[in-house]
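What you see is a predicted model; the values in this text were computed from it and never measured. Atoms within each ligand, like the ligands themselves, are counted from 1 in listed order.
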Amino acid sequence: MSKDNSKARSRKFATDLIHFGSEIDKHTGASSVPIYQASTFHHESLANPPEFDYSRSGNPTRQALEDYIAKLEGGVRGFAFASGMAAISTTFMLLSAGDHVIVTEDVYGGTYRLLTSILSRMNIETTFVDMTDFNQVKAALQPNTKAVYIETPSNPTLKVTDIGLIAEWAKSHDLLTMLDNTFMTPYHQRPIEHGIDIVLHSATKFLGGHSDVLAGLAVVADDNLGRRLKILQNGMGTVLGVQDCWLLIRGMKTLKARMEYSETGAGRLAQWLSEHPSVTKVYYPGLHDHPGREIHERQSLGYGAVVSFDVGSGERAKQVLDKIELPLVAVSLGAVESILSYPAMMSHAAMPKEVRHQRGITDGLLRYSVGLEDIEDLIDDLSRALAQE
Ligand SMILES: *Cc1c(COP(=O)(O)O)cnc(C)c1O
């Protein structure tokens, strides 16, 4: 039986997840990608160097993962990094001192920290804007603007940016576009199809899916960007180790099954929360009254598995965190187990309080990442935790 994947273009996403090109080892027929636990590779003859020569520059296990994510995102080349932040920070090195970047205002806390306390020292300037407001994006343009950085739906208030609109505008001004697709994954949203240049992932979340591996991925839309990012990945050495590459490939195979199941639960949870008397606000793009719903439905195939909600005060939020039994109370999201986090004191603790509040990340905001438990049990558990005594 030939394992030729060259005809794979016409296949559906679920099939690509399983038959991605390296699922069968070409040398032995083994049913998983071998872990090439080697730092260096023998040169049989100097005139004819091996395909891989040193694992920072290239490793067959990492290559399999990089080709896999490139295929899923519909890009030309993928890159695997030691963490989501390694992927994001390495990609920002495409910019130079003196450049300016326009960024989604309620961006992931670590990205905010990178921009405001590290890249700022390298003279890379940032303007944070509400990306849902196109006028704000246009007004932020400066003569030295070189890039636009998008997160949609954003974290943790799930604001939706019109990807195609921003990408087209950016292109007309020669700006590089980067999009953090962690919340949606390529199963729900493929930004390259909407004109984005570079897609980024914290693969620690839904792609890995089991809270057991820290990893980052990037996918580029064209070969030139691929060459430039390759130089950075190799030059900075921010690569993912081979054991973790293997673990990530293993997790990614079940992406669709996990996302579908969790999303169904998240939809139920969001609806239930929106009817709960002590919840003042629910953020989920699948809710009828979500302001970005229509745009989201145009560019995405699903609503994801993260629901944020406001219980009105920091005191109430802490009470819920105290009483909740099923979800892990932790940072992170996108795992088999549900995870409840408290952005104000966890993921967004680095953000000054005034900035945080202005961005809707109030002291009563909780973020629920729905896992694979039975949704009835999760709702019962949250119902008990929300009950006022
Ligand atoms: C977690 C996360 C990151 C950072 O990824 P790490 O793997 O923790 O470095 C970036 N963006 C988003 C949206 C995230 O949730």
Side-chain angles (χ1 to χ4, degrees), residues 65 69 73 79-93 101 103-119 128 131 149-161 163 178-189 191 196 198-219 233 236 238-241 244-245 247-248 251-252 259 262 266 283 285 300 303-308 328 330-335 338-343 346-351 359 361 365-371:
L65 169 63
I69 189 64
E73 286 286 3
F79 297 90
F81 295 93
S83 67
M85 286 318 303
I88 293 166
S89 58
T90 303
T91 302
F92 266 116
M93 290 298 133
V101 54
V103 179
T104 298
E105 67 175 1
D106 46 356
V107 74
Y108 174 72
T111 307
Y112 178 85
R113 192 186 308 128
L114 169 73
L115 288 161
T116 56
S117 65
I118 303 175
L119 295 182
F128 293 100
M131 282 268 172
Y149 187 94
I150 306 169
E151 234 181 88
T152 182
S154 66
N155 176 28
T157 53
L158 301 157
K159 280 183 165 172
V160 173
T161 294
I163 303 173
M178 312 178 228
L179 190 148
D180 183 334
N181 204 27
T182 300
F183 272 43
M184 285 292 103
T185 81
Y187 170 55
H188 279 330
Q189 181 169 282
I196 293 294
I198 305 178
V199 177
L200 295 155
H201 282 285
S202 170
T204 310
K205 316 294 167 54
F206 291 104
L207 290 171
H210 295 72
S211 297
D212 55 11
V213 59
L214 193 69
L217 295 169
V219 178
Q233 185 198 37
M236 298 183 69
T238 42
V239 296
L240 185 63
D244 285 345
C245 287
L247 208 47
L248 189 49
M252 282 163 66
M259 283 302 277
S262 290
Y283 303 88
S300 313
Y303 309 109
V306 178
V307 181
S308 294
L328 215 61
V331 291
S332 202
L333 54 106
S338 291
I339 301 178
L340 183 61
S341 42
Y342 187 38
M346 294 176 175
S347 55
H348 290 67
M351 204 174 262
R359 290 174 194 184
I361 309 163
L365 190 76
L366 292 165
R367 189 188 69 195
Y368 204 119
S369 166
V370 179

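Ligand 1 has at least one atom lying under 4.0 Å from a heavy atom of Ala215.
With a 4.5 Å cut-off on side-chain heavy atoms, Leu119 and Val101 do not count as touching. In this structure the side chain of Phe92 reaches within 4.5 angstrom of the side chain of Met178, judged on heavy atoms. Between Phe206 and Val306 the shortest side-chain heavy-atom distance falls below 4.5 Å. Proximity of Met346 to Arg367: side-chain heavy atoms (C-beta onward) are nowhere separated by under 4.5 Å.
At a 3.5 angstrom cut-off on N or O pairs, Thr204 counts as close to ligand 1. Residue Thr111 has no nitrogen or oxygen atom sitting less than 3.5 Å from a nitrogen or oxygen atom of ligand 1, judged on distance alone. Below 3.5 Å of separation, one finds no N or O of Phe183 facing any N or O of ligand 1.
Screening Thr182, Leu333, Leu207 for a side-chain contact (heavy atoms from CB on, under 4.5 Å) with Ser202, the sole residue that qualifies is Thr182. Screening Glu151, Gln189, His188 for a side-chain hydrogen bond (donor to acceptor under 3.5 Å, both in side chains) with Asn181, the sole residue that qualifies is Gln189.
Under the side-chain hydrogen bond (donor to acceptor under 3.5 Å, both in side chains) criterion, Ser154 pairs with Asp106, not counting sequence neighbours.
Counting protein heavy atoms only, atom 5 (O) of ligand 1 is closest to Ser202 OG, 2.9 Å. From the protein, the heavy atom lying nearest to atom 4 (C) of ligand 1 is Tyr108 CE2, 3.3 Å. Counting protein heavy atoms only, atom 9 (O) of ligand 1 is closest to Met85 N, 2.8 Å.
Atoms of ligand 1 lying under 4.0 Å from any heavy atom of Gly84, numbered from 1 in the order shown and given with element: 5 (O), 6 (P), 7 (O), 9 (O). Residue Lys205 approaches ligand 1 through these ligand atoms, each under 4.0 Å from one of its heavy atoms: 1 (C), 2 (C), 3 (C), 14 (C), 15 (O). Remark: ligand 1 atoms within the under-4.0 Å shell around heavy atoms of Ile88 are 10 (C). If you number the atoms of ligand 1 from 1 as listed, the ones under 4.0 Å from a heavy atom of Asp180 come out as 10 (C), 11 (N), 12 (C), 13 (C).
Neither the backbone nor the side chain of Leu200 comes within 4.0 Å of ligand 1, counting heavy atoms alone.
Taking the ring centre of Phe128 as origin, the terminal cationic atom of Arg359 falls inside the region bounded by 6.0 Å and 45° from the ring axis.
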